[in-house]
There are 2 protein chains.
Amino acid sequence: MTIYKGILDHISRYVELSDSEIKEFISILKTTRVKKRQFIVQPGFVSEYRNYIVEGAVRVYYLDDLGKEHTIIIAIEDWFFTDFYSYLNRTPAEYYAEALEDSLILQMKYEDVEELCSKIHSLSQYFRLFTERSMAHSYKRTISNISKTSEERYWEYVNKYPQIANRVPQYVLASYLGISPESISRFRSRS
Amino acid sequence: MTIYKGILDHISRYVELSDSEIKEFISILKTTRVKKRQFIVQPGFVSEYRNYIVEGAVRVYYLDDLGKEHTIIIAIEDWFFTDFYSYLNRTPAEYYAEALEDSLILQMKYEDVEELCSKIHSLSQYFRLFTERSMAHSYKRTISNISKTSEERYWEYVNKYPQIANRVPQYVLASYLGISPESISRFRSRS
DNA sequence: TTTTCTCCTTGATAAAGGTCAAGCCTTTTT
DNA sequence: AAAAAGGCTTGACCTTTATCAAGGAGAAAA
C-alpha cells in the first residue's frame, strides 16, 4: 500500500484534489525514517519542514532555564508536528522533535507548501480548514489547563487518548500535562 | 474613516485582494454595536459568526460545573473572537462572549466565509496564514500554562500585554490565566 | 447626595502538588 | 549471562496557591 494513503485520506476529509493536484502534492513530500530517540528538529536550526506521521510516534518539547523538559506535542500516526513558530517565521527552532519510536514520516518544506498553496486553491482550503480545527482543539486544551486539577487532566487525557497514554513513557505524558511523574503515580494508585 | 480599514489592513499583512474582491468581502460583513456586559455569544445557540473587533474589548468564557468562570479569550481592537468549536461544527455554543466595554464589531457568517473562501483563493490564503500564526501563538500559551508558576505567568502577561492588563478587570485576567484574584493581589503587593 | 454594587486587598487556613531520595522492576546494553 | 540504564513507585517534607471571610475604596445607580 502506498505510504501516501494516510495523508491523502486526511486531505480528502476536507477537500477534493484532482489527480494532477495529488501528483503535484506528492512531489513535494520527502519520505524520512527516524529511529527511536533520534531528533527531527533541534534548537538553533530553522524548522524547515511540516511533518506528517505515517507510522510511529514523536514528541515536541523544549528545555526550560533549569533544563527541565516540557512536552508540547505528542504525535502519532495521522498527526502533524513541527516547531510551528520556527517553521512559519524561518527563525531558529526553540524546540526538539524527538522520535519516541522508530517512525516513518513525510516532510514538506515551507517554501514548497507555500508555493503549492498559492497555486492550488483546494490545497490552501485544506490547510485552512485543518488548521482551524486544530485551533478549536487547542482552545479546549487551554481550557483544560486553566480550569482543571492535575488529576482531572490526567484522567481526561487517559480516557480520551488511551492508545497514546499506554504507548508513551509516563514521564513524557507527565511533561505534556505539566504534572510531575510522582504525582501521576499517586493518582494511579488512588484509583 | 471607514470602519473596514482595520480589518482590510489586517488582511493586507498576509495577502493582496483586488478591489472587486475587497467589495465582495465587505459585503458579507455585518456591523454590530454592543454595550458593556452585553453577550455576543451564549451557550445553547450556534455561534454563527466569526467576529472582528473594530473598537472595544470582549472576552470569551465558560462556566464550569461549579459555576466558576474561566476566560479563554480576551480580545481587543484588531483581534478576532468566537466560540470556534461551535462556529466550525454548527453545534450549540458552550461559551459566552461578553463585551467588557461598549464595542463595535464586524461579524461574518460561517456560510458566507466558506462560500467566499471557495471563490476567492487569496481570501482562503489569508485565513490559512492567519490561523497558522494563531496556532503558533496558542502553542506558546500552552507552554506557559504547563511550565511556569502562576506568578511567572501573571508578570509575563502584564509585560507582554500591558494595555490589556491595565484595561480589563483583574478578575477577568485572573480567570484567563487560571489564577485566583487573591493570588494576583498578593503577587502585586510583593513587587 | 445617598445608597448600592463592584472590585480589590488582606488574614487565616487547608489542600494540591512539587521536590528529593531511595528502592524496585523491566528493558537494554555489554 | 551479567551489568547498566531507564522507568516507575513510595515516603517524607515543603511551597504554592486556593478558598473563605471581612473590610475598604471607588464607581455606578437611584
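The structure displayed is predicted, hence computed values, not measured ones. The chains referred to below are lettered A, B, ... by the order of the sequence lines, with proteins before strands, and numbering in each begins at 1.
Classification of A:E77 and A:R167 as a salt-bridged pair holds, one side-chain N sitting under 4.0 Å from a carboxylate O.
For A:K68, the listed nucleotide lying nearest its side chain is C:dT19; candidates were D:dA18, D:dT10, C:dT19. Proximity note for B:S150 (side chain, C-beta onward) versus D:dT10, D:dT17, C:dG17: the nearest is D:dT17.
Note: NE2 (A:H70) to P (C:dG18) measures 12 Å, nearest angstrom. The interatomic distance linking A:I146 (CD1) with D:dT17 (C1') rounds to 16 Å, in whole Å. The distance between atom CZ of A:R153 and atom P of C:dA16, rounded to the nearest whole Å, is 14 Å. To the nearest angstrom, C1' of C:dT10 lies 14 Å from CZ of B:R188. Rounding to whole angstrom units, CD1 of residue B:I184 and P of C:dT10 are separated by 14 Å. Whole-Å rounding puts the B:E151 CD to C:dG18 P distance at 18 Å. Atom CD of A:E152 is separated from atom P of C:dA16 by 11 Å (rounded to the nearest Å). To the nearest angstrom, P of D:dT17 lies 14 Å from OH of B:Y154.
Residues satisfying the side-chain hydrogen bond (donor to acceptor under 3.5 Å, both in side chains) criterion with A:S147, sequence neighbours excluded, are B:Y62. For the ring pair (Phe, Tyr, Trp, His ring centres under 6.0 Å) test, residues two or more places apart in sequence or in another chain that qualify with B:H10 are B:Y14, B:F80, B:Y126, B:F130. Judged as a salt bridge (Lys or Arg N to Asp or Glu O under 4.0 Å), and not counting sequence neighbours, the contacts of B:D9 are B:K5. In terms of the salt bridge (Lys or Arg N to Asp or Glu O under 4.0 Å) criterion, residue partners of B:E24 (sequence neighbours excluded) are, by chain and number, B:K119.
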List the atom pairs, donor and acceptor, that lie under 3.5 Å between side-chain atoms in residues 35-46 of chain A and the rest of the protein, sequence neighbours left out.
from	atom 1	to	atom 2	distance (Å)
A:Q38	OE1	A:K35	N	2.9

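Residues of residues 169-179 of chain A having a heavy atom closer than 4.0 Å to DNA chain C, listed by number: A:G178, A:I179. A heavy atom closer than 4.0 Å to some atom of DNA chain C occurs in no member of residues 155-168 of chain A.
Hydrophobic clustering, defined by side-chain heavy atoms of Ile, Leu, Val, Met, Phe, Trp and Tyr closer than 4.5 Å, groups B:I74 together with B:I76, B:W79, B:L100, B:Y154, B:W155, B:Y157, B:V158, B:Y161, B:I164, B:V168, B:Y171, B:V172, B:L173, B:Y176, B:L177, B:I179, B:I184, B:F187.
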Dump every N/O contact between nucleotides 11-13 of chain C and the protein below 3.5 Å, one line per pair.
from	atom 1	to	atom 2	distance (Å)
C:dG11	N7	B:R186	NH1	3.2
C:dG11	O6	B:R186	NH2	2.8
C:dA12	N6	B:R186	NH2	3.1

Shorter than 3.5 Å, N or O on both sides, protein versus nucleotides 28-30 of chain D: list them out with atom names.
none

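A:S183 has no side-chain polar atom (N or O) that falls below the 4.0 Å cut-off from OP1 or OP2 of C:dA16.
The local environment of CD in A:E16 is sparse, with at most 12 non-hydrogen atoms from other residues, nucleotides or ligands closer than 6.0 Å. In the displayed structure, A:E101 atom CD is contacted under 6.0 Å by more than 12 heavy atoms of other residues, nucleotides or ligands. The number of heavy atoms from other shown groups lying within 6.0 Å of CD (A:E69) is above 12. Heavy-atom contacts from other residues, nucleotides or ligands closer than 6.0 Å to CG of B:N159 number more than 12. Residue B:R33 qualifies as open at atom CZ: its count of foreign heavy atoms under 6.0 Å is 12 or below.
No side-chain heavy atom of B:Q125 sits under 4.5 Å from any side-chain heavy atom of A:H121. Taking 4.5 Å as the limit, some side-chain heavy atom of A:I105 sits within range of a side-chain heavy atom of A:F81.
Relative to the axis of its first five pairs, the axis of the last five pairs of the helix from C:dT1-D:dA30 to C:dT30-D:dA1 sits at 50°, rounded to 10 degrees.
A salt bridge (Lys or Arg N to Asp or Glu O under 4.0 Å) check over residues 123-147 of chain B, counting only residues at least two apart or in different chains, returns the pairs A:R50-B:E132, A:E94-B:K140, A:E114-B:R128, B:R128-B:E132.
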Start with the C-alpha gap between B:E115 and B:K109, add the side-chain angles, then the distance that decides, and say whether salt bridge (Lys or Arg N to Asp or Glu O under 4.0 Å) holds. CA-CA 10 Å; B:E115 186 186 331; B:K109 268 200 176 205; over 6 Å; no
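Hydrophobic cluster membership differs between B:V60 and B:L63, with clusters built from Ile, Leu, Val, Met, Phe, Trp and Tyr side chains linked at under 4.5 angstrom.
The residue B:F187 sits close only to the backbone: its heavy atoms come under 4.0 Å of sugar-phosphate atoms, none of a base.
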